[in-house]
Structure formats: C-alpha cells, structure tokens
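For reference, the structure is listed below as structure tokens.
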Amino acid sequence: MSEELSNLRRDETMTSLQIAEITGKQHKDVLEAIRKMEPAWEAIRGRKFPLTFRMTKLPNGAERKDPLYVLTKTECLYVATKFNDEARAKLVIRWEELERERQAGGFRVPQNLAEALRLAADQAERAEAQQRQIEAMKPKALFADAVATSDRSCLVAELAKILQQNGVNIGQNRLFAWLREHGYLGTRGEYYNQPTQRAMGMGLFEIKKTSITKPDGSVLVTTTTKVTGKGQIYFVNKVMSGMREPK
C-alpha cells in the first residue's frame, strides 16, 4: 500500500468489499468496475488504485487469495460513476455518515441490528489488521508481505535482485547454479534451467513460451523460466530462515 494511503485514517478509506455490501452489488462486479476505471485514473493521477489481498479459508482447509482494493472517498465516488443511480446514492450517503461519525469523535451508537453487526465486524477487522501489522514486523515476513500483494511472476535474474535487497550477496548465475544444485531446475539437455517436475508441482515456477518467426518462414519457440509469487516467497524465506547461501 502506498505511503500516501497509509497516512490516512481507516475511516477515510473503504474497501471494495465494503462498497459491494453498501451498494448491494456483487464484489466481482465492483472489482470489474474498479479495473475499468483504473487506466484513466492512473493516466491523471500517476498511480493505480491500491490493491491488497484477503485470505479466505476453504472447507477443505486450503486458503484462497482474493483481491481487495482500498479506496479513498474521491476514488470511491469516481468509481461509482459506473454504478446505477441507486447504488451511487447509497455510497454517497454512507460517506456522509462516516464524515458525521468522524466529526462526532469517530463513534455513534448503532441504531439497528445491521449497524451493530457492522460495528462488530469493523472492530474485528481492526483487531485483525493490528495483528497483521505485528506479524509484518517480523523479518521473515517483510518480503512475503510485499509479494502477497501481487501475483506477478519474475525472472530468475529479478529474484536474484530481490535476494540482494534482502541482504543476500548473489547474482543471476550463482542463483541459477543453486537452483540446479538443489533440484529446482534441470541440469542437462533441453531441460537445462527449466523447472523440474517437483518444482512445478510445488507451484514455484511457470513456463512462458514465445514463438518467433524467422525471415525464412520457420518458427523458433523460446522457453523462459519465471518464478511465481509463491516461488519468490518460498526461496527468499529459505535463505532468510538460515538455509546456506548459494555458492
């Protein structure tokens, strides 16, 4: 999250999920509206809308990472131009309520069950956010917190730079060698520097294939190994948790 946004109080921002609850829309529809409005906003303001993720526990015990935008009042009302009149009015009214509450000291007695439940949910979310902040202070979590906000894969060379930023003295060639030595990348033939079956099964890498048409009409297919967001967290944590540094 940007420094500009982190300096705002919580009651000066609203998540895309809260927008969905207030307007009666599906969260996926709110996300779609935000994404459609983002390019023009970025062109004018020079930055995208702040994006984070929330973890949802699934019945089978696994966790799902869902996108969650955190918008200021101005950003909310800008996105609301994509909504119908009723949804837009609900959002405007809610922002007016928040401003009155802030002027009154940030608290008002719930007037009905729905408001009481919302207050309880807000308090629980605030406590959870505080706990996340405490966890984020731990050295091992610093990188994971940053990568968790993005699902972008990176090249091995970029991963080497990330490791350097976290205090590990290593370059691209040494990192490739370490990955091969520890069974994450192939060591010979056409599979040289390509992810092993084990590494792919762990979700640490992805393969990008690019087709290049030569002047003679033949097609050359190149293969690029990229480290997933999960892989970036995995490898940095391995180094930061005390595993020996690549030679």
**Prompt:** Does Glu32 come within less than 4.0 Å of Lys28, counting only side-chain N to carboxylate O?
**Reply:** no
**Prompt:** Do the non-hydrogen side-chain atoms of Met14 and Ile22 ever get within less than 4.5 Å of each other?
**Reply:** yes
**Message:** Distance check, rounded to the nearest 0.5 Å: Thr228 atom OG1 versus Ile233 atom CD1?
**Reply:** 8.5 Å
**Message:** Determine whether a donor-acceptor pair (N or O, by modelled atom type, separation under 3.5 Å) exists between the side chain of Arg174 and the backbone of Ala160.
**Reply:** no
**Request:** Tell me, with the steps shown, if Leu98 and Trp95 meet side chain to side chain contact (heavy atoms under 4.5 Å, CB included).
**Result:** CA-CA 5 Å; Leu98 289 172; Trp95 272 111; 3.9 Å; yes
**Message:** Show, in sequence, the C-alpha distance, side-chain angles and deciding distance for Glu75 and Arg45, and conclude whether the side chain to side chain contact (heavy atoms under 4.5 Å, CB included) test is met.
**Reply:** CA-CA 11 Å; Glu75 291 167 340; Arg45 293 299 298 270; 5.7 Å; no
**Message:** Tell me if the NZ atom of Lys82 is crowded by more than 12 foreign heavy atoms within 6.0 Å.
**Reply:** no
**Asked** Is it true that a side-chain atom of Gln194 and a backbone atom of Thr225 form a donor plus acceptor pair closer than 3.5 Å?
**Response** no
**Request:** For the residue pair Thr81 and Met37, establish whether any side-chain heavy-atom pair is separated by less than 4.5 Å.
**Result:** yes
**Message:** Can you confirm whether Arg88 sits close enough to Asp85 that some side-chain heavy atom of one is under 4.5 Å from a side-chain heavy atom of the other?
**Reply:** yes
**Request:** Please report the closest heavy-atom contact between Cys76 and Leu91, naming both atoms and the distance.
**Result:** O-CD2, 3.8 Å
**Asked** So how far is it from Leu163 CG to Gln172 CD, rounded to the nearest 0.5 Å?
**Response** 12.5 Å
**Prompt:** Do Ile19 and Ile93 belong to the same hydrophobic cluster, where Ile, Leu, Val, Met, Phe, Trp and Tyr are linked whenever their side-chain heavy atoms lie under 4.5 Å apart, directly or via other members?
**Reply:** no
**Request:** Could you tell me whether the side chain of Arg35 reaches within less than 4.5 Å of the side chain of Pro67, counting heavy atoms only?
**Result:** yes
**Fill in**
In this structure, OH of Tyr191 is separated from OG1 of Thr223 (nearest 0.5 Å) by 10.5 Å
**Message:** Looking at every non-hydrogen atom in both residues, tell me the closest pair between Lys25 and Ala87 and how far apart they are.
**Reply:** CE-CB, 3.9 Å
**Whether Ser16 side chain and Tyr69 backbone form a donor-acceptor pair below 3.5 Å** = yes
**Request:** Heavy atoms only: give me the nearest Leu17-His27 pair and the separation to one decimal.
**Result:** N-NE2, 3.5 Å
**Asked** Listed by chain and number, what are the side-chain hydrogen bond (donor to acceptor under 3.5 Å, both in side chains) partners of Glu42, not counting sequence neighbours?
**Response** none
**Prompt:** Is it true that Met202 and Leu179 fall in one hydrophobic cluster, defined by side-chain heavy atoms closer than 4.5 Å?
**Reply:** yes
**Item:** Contact check, side chains of Val156 and Phe235, non-hydrogen atoms, under 4.5 Å
**Value:** no
**Prompt:** Would you say Glu86 has more than 12 foreign heavy atoms packed within less than 6.0 Å of its CD?
**Reply:** no
**Request:** Measure the spacing between CG of Leu175 and CD1 of Ile170 and express it to the nearest 0.5 Å.
**Result:** 4.5 Å
**Request:** Can you label the angle between the Tyr234 ring and the Tyr184 ring as parallel, tilted or perpendicular, going by 30° and 60°?
**Result:** perpendicular
**Prompt:** Are the side chain of Thr196 and the backbone of Gly183 linked by a donor-acceptor contact shorter than 3.5 Å?
**Reply:** yes
**Message:** Looking at Lys226, I want to see if its NZ is surrounded by more than 12 non-hydrogen atoms of other residues, nucleotides or ligands under 6.0 Å.
**Reply:** yes
**Complete:** In this structure, CD of Glu38 is separated from CD1 of Ile34 (nearest 0.5 Å) by 8.5 Å
**Message:** Are Leu31 and Leu77 linked, directly or through intermediate hydrophobic residues, by side-chain heavy-atom contacts shorter than 4.5 Å (ILVMFWY only)?
**Reply:** yes
**Message:** Rounded to the nearest 0.5 Å, what separates atom NZ in Lys230 from atom CD in Gln232?
**Reply:** 13.0 Å
**Prompt:** Would you find more than 12 non-hydrogen atoms of other residues, nucleotides or ligands less than 6.0 Å from Arg198 atom CZ?
**Reply:** yes
**Message:** Using 30° and 60° as the class boundaries, would you call the ring planes of Tyr78 and Phe49 parallel, tilted or perpendicular?
**Reply:** tilted
**Message:** Does this structure show an ion pair linking Lys161 with Glu158, if we count only N-O contacts that are shorter than 4.0 Å?
**Reply:** no
**Request:** Decide yes or no for Arg54 and Thr15: does some side-chain heavy atom of the first lie under 4.5 Å from some side-chain heavy atom of the second?
**Result:** no
**Request:** Decide side chain to side chain contact (heavy atoms under 4.5 Å, CB included) for Lys65 and Met55; before the verdict, give the C-alpha distance in whole Å, the side-chain angles of both, and the deciding distance to 0.1 Å.
**Result:** CA-CA 5 Å; Lys65 187 170 71 170; Met55 304 305 295; 3.8 Å; yes
**Message:** Is the shortest side-chain heavy-atom distance between Arg180 and Leu185 below 4.5 Å?
**Reply:** yes
**Partner residues of Thr224 under the side-chain hydrogen bond (donor to acceptor under 3.5 Å, both in side chains) criterion, sequence neighbours left out** = none
**Request:** Would you name the heavy atoms of Val79 and Leu71 that are closest together and state the gap between them?
**Result:** CG2-CD1, 4.1 Å
**Check: Leu204 and Pro195 side chains under 4.5 Å, non-hydrogen atoms** = no
**Prompt:** Is there a path of hydrophobic side-chain contacts, each under 4.5 Å between heavy atoms of I, L, V, M, F, W or Y residues, that connects Val30 with Trp41?
**Reply:** yes
